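Please read the structure below before turning to the comments.
In what follows, every heavy atom counts, from backbone to side chain, and hydrogens, waters and symmetry copies are set aside. It should be emphasised that the depicted structure is a prediction, and the values quoted were computed from it without experimental measurement.
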Amino acid sequence: MTAATATILLDPSLLAGLVESRRWRRIGRVRSRRFRPGPGWWALLQADVRRLRRHPSAVLIWAALIGVQYAAALALPGLAGAAQVVFAYLAANRLTGGLRSVSRSPGLRRALGGSDNLLRGIHVVVPAVGAGVWWLLTLPTVDPGPAWLAPTLALGVVAAAFRAGTRPPIDYGGATVNTPFGMIPVDLMRQGSRGPALLAVLVLVQLFLG
């Protein structure tokens with residue numbers, strides 16, 4: 001039922017929230033460990049890293065996508081560059097759990113303290129490092145192209161994952177357009193395209209310049 005509702009309303013966070021709550025129920029208890037001493041941002045960064053240990057499927061999918069990229073390069077070498085951009089985004093997006101949590105919970109941000117930009121900046125470190133390592137490990141699968149292209153695309157992937165991770169909750173009161181195919185919720189589609197729209201631009205850049 002939740003999956004159907006998420007599909008109809010174009011809001012995958014409904015399904016993601018249910019999956020997340022069930023996952024934490026399965027975990028049940030965790031062992032409390034002290035953080036290494038340091039400033040507040042250092043403690044938050046450690047907490048985000050530990051989140052990966054309590055959510056190992058994110059790292060497993062991140063690693064599995066490396067193999068998928070190599071397989072795609074062998075099967076469709078002409079599209080290896082575009083596949084690298086898409087899979088890098090998916091890999092980085094799996095590491096944005098902390099970023100999504102602080103971005104979608106004003107109460108959590110107030111409890112943690114500090115500015116919104118600071119909290120989001122701290123929680124983008126893990127997906128940024130993950131995307132960078134993933135990109136380096138898959139460089140042998142693509143033609144190098146211009147020297148500036150690879151770092152530009154890698155930074156663009158991080159930006160796309162950041163935009164998707166910081167998307168606010170869906171607002172269903174936006175504008176719709178009446179077309180021959182029915183009512184199109186353009187504002188809803190605009191909100192849902194935050195992140196994927198930038199990814200599409202990166203894919204086009206890679207296809208034309210790679």
Side-chain angles (χ1 to χ4, degrees), residues 12-13 15-17 19-20 23-24 27 30 33 35-36 38 40-73 80-105 108-109 112 116-142 144-145 148-167 194-203 205-206 210:
S13 62
L15 180 59
V19 173
E20 185 78 1
R23 181 177 66 82
W24 283 111
I27 292 175
V30 296
R33 295 176 56 192
F35 291 125
R36 295 183 181 275
W41 66 265
W42 176 236
L44 291 175
L45 182 57
Q46 292 179 72
D48 202 24
V49 172
R50 290 187 186 182
R51 179 189 298 270
L52 298 179
R53 296 181 58 185
R54 295 172 179 175
H55 191 187
S57 62
V59 179
L60 292 176
I61 293 174
W62 177 91
L65 286 170
I66 297 176
V68 174
Q69 169 61 23
Y70 276 85
Q84 184 189 36
V85 174
V86 174
F87 294 145
Y89 169 78
L90 295 177
N93 195 53
R94 295 301 304 171
L95 307 179
T96 58
L99 181 63
R100 290 194 302 269
S101 296
V102 298
S103 297
R104 298 176 185 177
S105 176
L108 178 59
R109 293 198 299 272
L112 293 175
D116 291 354
N117 289 335
L118 175 63
L119 292 175
R120 288 167 178 157
I122 293 170
H123 287 87
V124 79
V125 172
V126 169
V129 172
V133 173
W134 193 97
W135 194 274
L136 290 174
L137 292 176
T138 58
L139 277 179
T141 66
V142 298
W148 56 267
L149 183 60
T152 300
L153 291 176
L155 289 175
V157 165
V158 174
F162 177 81
R163 285 184 57 79
T166 56
R167 178 181 63 80
R194 181 184 172 99
L198 177 56
L199 177 66
V201 173
L202 296 174
V203 170
V205 170
Q206 205 290 327

Validation row: R53, V59 side chains within 4.5 angstrom (heavy atoms): no

Side chain proximity check, Q69 to W135, heavy atoms < 4.5 angstrom: no

How far does [atom1] of [X] sit from [atom2] of [Y], to the nearest 0.5 angstrom?
{"X": "R167", "Y": "S103", "atom1": "CZ", "atom2": "OG", "result": "10.5 Å"}
{"X": "R163", "Y": "L198", "atom1": "CZ", "atom2": "CG", "result": "7.0 Å"}
{"X": "L65", "Y": "T138", "atom1": "CG", "atom2": "OG1", "result": "10.0 Å"}
{"X": "W41", "Y": "H123", "atom1": "CH2", "atom2": "NE2", "result": "12.5 Å"}

side-chain contact (heavy atoms from CB on, under 4.5 Å) evaluation trace for L45 with V125: CA-CA 8 Å; L45 182 57; V125 172; 3.8 Å; yes

Which pairs would a plain distance check flag for residues 88-96, meaning a side-chain donor or acceptor within less than 3.5 Å of a matching protein atom at least two apart in sequence or in another chain?
unit_1 : atom_1 : unit_2 : atom_2 : d
T96    : OG1    : N93    : O      : 2.7
T96    : OG1    : R100   : NH1    : 2.6

Anything under 3.5 Å between a donor and an acceptor, one on a side chain of residues 148-158, the other on a protein residue two or more places apart or in another chain? List them.
unit_1 : atom_1 : unit_2 : atom_2 : d
T152   : OG1    : W148   : O      : 2.6

Sidechain-backbone polar pair: H55 side chain, R51 backbone, donor-acceptor under 3.5 Å: no

Side-chain (T166) to main-chain (F162) donor-acceptor, under 3.5 angstrom: yes

Name of the residue among L44, V102, N117 meeting side-chain contact (heavy atoms from CB on, under 4.5 Å) with I122: L44

Sequence-distant partners of L137, side-chain contact (heavy atoms from CB on, under 4.5 Å), two or more places apart: W62, I66, V133

